[in-house]
Structure formats: C-alpha cells, structure tokens
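Encoded as structure tokens, the structure appears first; notes follow it.
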Amino acid sequence: MTYLTRAVWLLSLISLFTDLASEMLYPVMPLYLQSIGFSVFFIGLLEGLAEAVAGLSKGYFGQWSDRLGRRVPFVQWGYGLSAFSKPMLAVLATPLWVLLARTLDRLGKGLRTGARDALLSDETTPADRGKVFGFHRSMDTLGAVFGPLAALAWLAAHPGQYRPLFLWAFLPGALAVGITFALRERRAVPSGRPVMPFWASFRYWRQAPPAYRRVVGALLVFALFNSADAFLLLLARQRGVSATGVIGLYVLYNFTYVLSAWPLGHLADRLGPRRLLVGGLLIFAVVYGGVALAQGPWVFAGFFALYGLYAAATEGVSKAWVSTLCAPADTGAALGTLGGLSSLAALGASTGAGLLWQLGGPALPFGLAAAVALGVAAFLARR
C-alpha cells in the first residue's frame with residue numbers, strides 16, 4: 001500500500017488523537033449543557049455559531065496556505081488552538097465562556113483543515129485519492145470511538161461528573177500537537193495570488209470551474225438542513241435512552257464509521273465518488289426519516305449504525321471528489337471553501353433545527369432534512 005506514505009500516517013495519527021480529545025466531550029456536551037439549564041434552541045445556536053467560525057476561517061486559511069505554498073505551520077497552529085480550548089470548558093459554565101471555548105476550538109479547525117486536506121491530496125494520485133481520504137477518515141473516527149468510550153468509563157465511575165472530562169481531554173490533544181512537529185513540508189507550487197481579506201475568503205467560488213460549483217452547490221443545499229449530531233443525541237435521550245446509553249449510541253455510530261470508511265474509499269475509486277455520495281445521502285434520508293418516529297434503544301442503535309455508513313460514504317468521498325474538480329494550485333482554497341461554506345450552512349441548519357424542534361417537535365426538523373437529502377441525491381445522480 002504505497003499510497004499510505006509517512007505524511008498520510010502522521011496526519012492520520014494526529015487526527016486520531018485530536019478526535020479522541022474532541023469526542024470525549026462531544027456526546028457529553030449537549031447533556032452537560034441541558035443539565036445546567038441550556039435550552040435546545042441555545043444548544044443549536046451554540047453549535048451553529050461555533051461551526052460558522054470554522055467556516056469563515058477555512059476558506060481564508062486554505063487560500064493563504066495556497067498563496068505561500070506551505071501547509072505544516074497551519075496544521076501545527078490549528079491543532080494547537082483546539083488542544084488549548086479543551087480545559088477552558090472546565091473553568092466556567094456560563095454561556096459566553098462556553099461560546100469562547102467552542103469558538104477557539106473551531107477556529108483551530110478552520111486554521112488547519114484546508115492545509116491538512118491539501119497535504120493529503122498532495123500525497124496521492126487520482127487513482128488512490130478515495131483510499132487515502134477514506135483511510136484518514138477511518139483513523140480520525142477511530143479516535144471518535146475511543147473518546148466516547150473514555151467518557152463512558154468515566155461517567156460509569158463518576159455519574160454526573162462532566163467537568164473533569166474537559167481536563168482529561170487536554171492530554172490526547174497535546175499529544176496530537178507534538179506529532180505535528182514530525183511533519184515535513186512538501187512545498188506546494190505557490191498560487192501567486194495575494195491573500196484575500198478575511199471577509200472575502202470565499203472569493204474562490206467566483207473563479208471556480210462550473211463543475212465545482214454544481215457539486216459544491218448541491219452539497220451546500222444539503223448542509224443547510226443537516227443539523228448538528230447533537231440533536232440526534234438529544235432525541236435519543238428524550239425518547240428514554242439513558243445518558244450512558246446515548247454515549248454508547250455515539251460509540252456505535254463511530255465504530256461503524258471506522259469499519260466502513262476505508263473500504264468505501266476503495267469502492268469510490270472503483271465506482272466513482274458520485275455513486276457513493278448519492279448512496280450515502282439516501283442512507284441519511286432513511287435515518288432522519290426513521291428517527292423522527294423511533295422509540296427504544298435498540299431501534300436507535302440500528303439507525304445510529306446506518307448513520308455511520310452514511311458518514312463514511314460522504315465525508316471523505318466528497319473531499320476526494322471536490323479535489324478533482326479544481327487546479328492543483330487551488331486545492332487548499334477549493335477544499336477550504338467547501339468546508340467553510342458547509343460550516344456556515346451549519347449555522348442556519350442547527351439554529352433552525354433548534355427553533356423548529358421547540359415550535360413543532362423533533363419530527364419537523366428531522367423529516368424536513370430527510371426530504372432535502374432525497375432531493376439532493378436525485379440532483380447529483382443526474383449530473
């Protein structure tokens with residue numbers, strides 16, 4: 001497997017440990033926030049704002065990386081900010097402080113994402129691109145299996161003690177930062193373009209090839225209705241699944257993702273990313289349409305396992321597809337713009353889902369998202 005180069009392995013390990021740190025907290029966060037009095041609407045707004053920060057920074061730092069022809073410094077600083085934000089959540093539980101900590105974490109994600117994905121793209125060829133991104137997603141999500149398991153073990157021994165988890169999460173995050181210093185710069189061809197202002201970070205959209213705009217435009221329509229996974233966890237809790245059971249469902253989702261991301265990356269290289277992405281969207285529609293009516297932990301377990309298949313069939317595959325629709329010198333900006341605009345869409349999706357939940361119950365946002373996923377799948381299948 002010559003496509004698994006040293007850089008691919010290092011980036012995958014970095015993502016594994018970072019996700020371990022983040023995912024110790026992610027399934028706990030909505031339960032923790034509800035336990036201290038935060039509403040479903042505020043939780044959706046918080047997640048949406050945090051993702052919007054990541055969105056505004058992904059395109060900017062992605063095109064800055066292209067301009068310099070350098071990737072590693074963006075990766076190092078990005079993972080460093082995310083690691084630093086974890087223990088902040090243990091200090092205070094006020095809304096503004098929680099928002100600040102989540103903002104720093106997502107700013108770190110925005111800083112590193114375009115450069116990291118461009119590094120991965122630089123390490124492979126079109127024939128192996130799906131496998132490389134699939135392997136990276138598998139390793140990344142392996143951390144998302146170990147992280148919730150660590151949280152589950154802690155809460156089993158210390159019920160209701162959420163805050164110490166935010167301190168423990170700093171350790172794997174710091175390890176990930178240490179590994180970034182083993183990366184070697186593979187100098188890309190500088191784009192030669194001036195660095196755009198922060199507020200104009202998505203100008204690449206205007207100069208992108210038509211095929212890029214068609215595919216990314218369809219993905220953005222879907223993202224506008226694809227709310228944060230926190231709502232799935234809250235729904236399971238509302239339908240009677242215990243707090244530890246909710247974390248167990250999240251482990252199952254990530255475990256399914258780990259097992260399927262790499263094989264599905266291979267399948268994308270053989271069948272083409274379009275078919276796999278369309279299949280993933282159809283699975284999403286089944287999951288979101290089904291959970292709106294689901295009752296009982298075992299029914300939720302089945303849907304969470306299917307949800308892992310959806311994620312494996314879309315996240316890495318969409319990046320692999322989009323990276324083939326732009327010039328090599330624009331890879332960082334193209335991928336950063338995709339991630340950035342998707343994160344901005346998540347602000348509307350999560351805030352809207354929280355509002356619709358409070359106004360009409362959970363079936364309304366989940367059913368609407370399922371219908372939109374079917375429409376986007378039909379559009380992409382025709383292109």
Side-chain angles (χ1 to χ4, degrees), residues 1-19 54 57-83 107-143 173 175-193 195 201 204 261-262 265 268-269 273 315-340 342:
M1 294 183 289
T2 56
Y3 57 86
L4 295 182
T5 64
R6 178 178 181 274
V8 171
W9 272 105
L10 287 174
L11 288 167
S12 298
L13 286 172
I14 291 165
S15 291
L16 187 156
F17 286 114
T18 298
D19 230 40
S57 55
K58 281 178 181 177
Y60 175 72
F61 290 116
Q63 56 87 31
W64 192 4
S65 172
D66 289 336
R67 172 68 177 85
L68 298 178
R70 299 190 65 190
R71 313 296 191 191
V72 173
F74 295 89
V75 172
Q76 291 171 336
W77 279 97
Y79 283 106
L81 276 181
S82 290
L107 181 62
K109 186 176 180 65
L111 182 59
R112 69 183 182 252
T113 296
R116 183 204 63 203
D117 289 344
L119 268 179
L120 286 170
S121 182
D122 291 343
E123 289 290 320
T124 187
T125 64
D128 294 324
R129 191 161 282 139
K131 291 188 280 290
V132 167
F133 277 96
F135 176 78
H136 175 264
R137 293 306 305 167
S138 287
M139 291 287 284
D140 181 278
T141 312
L142 190 61
L175 179 58
V177 174
I179 298 174
T180 65
F181 290 94
L183 288 169
R184 299 290 178 265
E185 188 73 72
R186 180 171 176 173
R187 191 170 283 274
V189 178
S191 69
R193 300 190 182 98
V195 178
S201 58
Y204 175 75
W262 196 12
D269 288 333
E315 291 190 12
V317 171
S318 62
K319 291 178 181 179
W321 188 7
V322 168
S323 68
T324 66
L325 303 176
C326 63
D330 293 329
T331 303
L335 292 173
T337 299
L338 166 64
S342 297

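Given the structure is predicted, the values throughout are model-derived calculations rather than measurements. For the numbers below, each heavy atom of this structure counts, side chains included, while hydrogens, waters and symmetry mates do not.
Distance check, rounded to the nearest 0.5 Å: CG of Leu11 to CZ of Arg6 gives 10.0 Å. Within the model, atoms CG of Asp117 and OG of Ser65 stand 10.5 Å from one another, a figure rounded to the nearest 0.5 Å. Rounded to the nearest 0.5 Å, atoms CH2 (Trp77) and CG (Leu107) are 11.5 Å apart. The OG1 atom of Thr180 sits 10.5 Å away from the CG atom of Leu175 when rounded to the nearest 0.5 Å. Taken from CG in Leu10 to CG in Leu183, the straight-line distance is 5.5 Å, to the nearest 0.5 Å. How far CD1 of Ile14 is from CD1 of Ile179: 6.0 Å, rounded to the nearest 0.5 Å.
Under the 3.5 Å distance criterion, the side-chain polar atoms of Ser12 are matched with a main-chain donor or acceptor of Val8. Remark: the backbone N or O of Gly173 is not paired with any side-chain donor or acceptor of Thr18 at under 3.5 angstrom.
Residues that satisfy the side-chain hydrogen bond (donor to acceptor under 3.5 Å, both in side chains) test with Ser15, not counting sequence neighbours, are Tyr79, His136. With sequence neighbours left out, Phe17 forms a ring pair (Phe, Tyr, Trp, His ring centres under 6.0 Å) with no residue at all.
Residues Val177 and Ala83 share a closest heavy-atom pair of CG2-CB, 4.0 Å. Residues Gly78 and Leu111 approach most closely at N-CD2, 3.4 Å, considering heavy atoms. Scanning both residues, Met139 and Leu13, for their nearest heavy atoms gives CE-CD2, 3.7 Å.
In this structure, a donor-acceptor pair under 3.5 Å is present between the side chains of Ser82 and Arg112.
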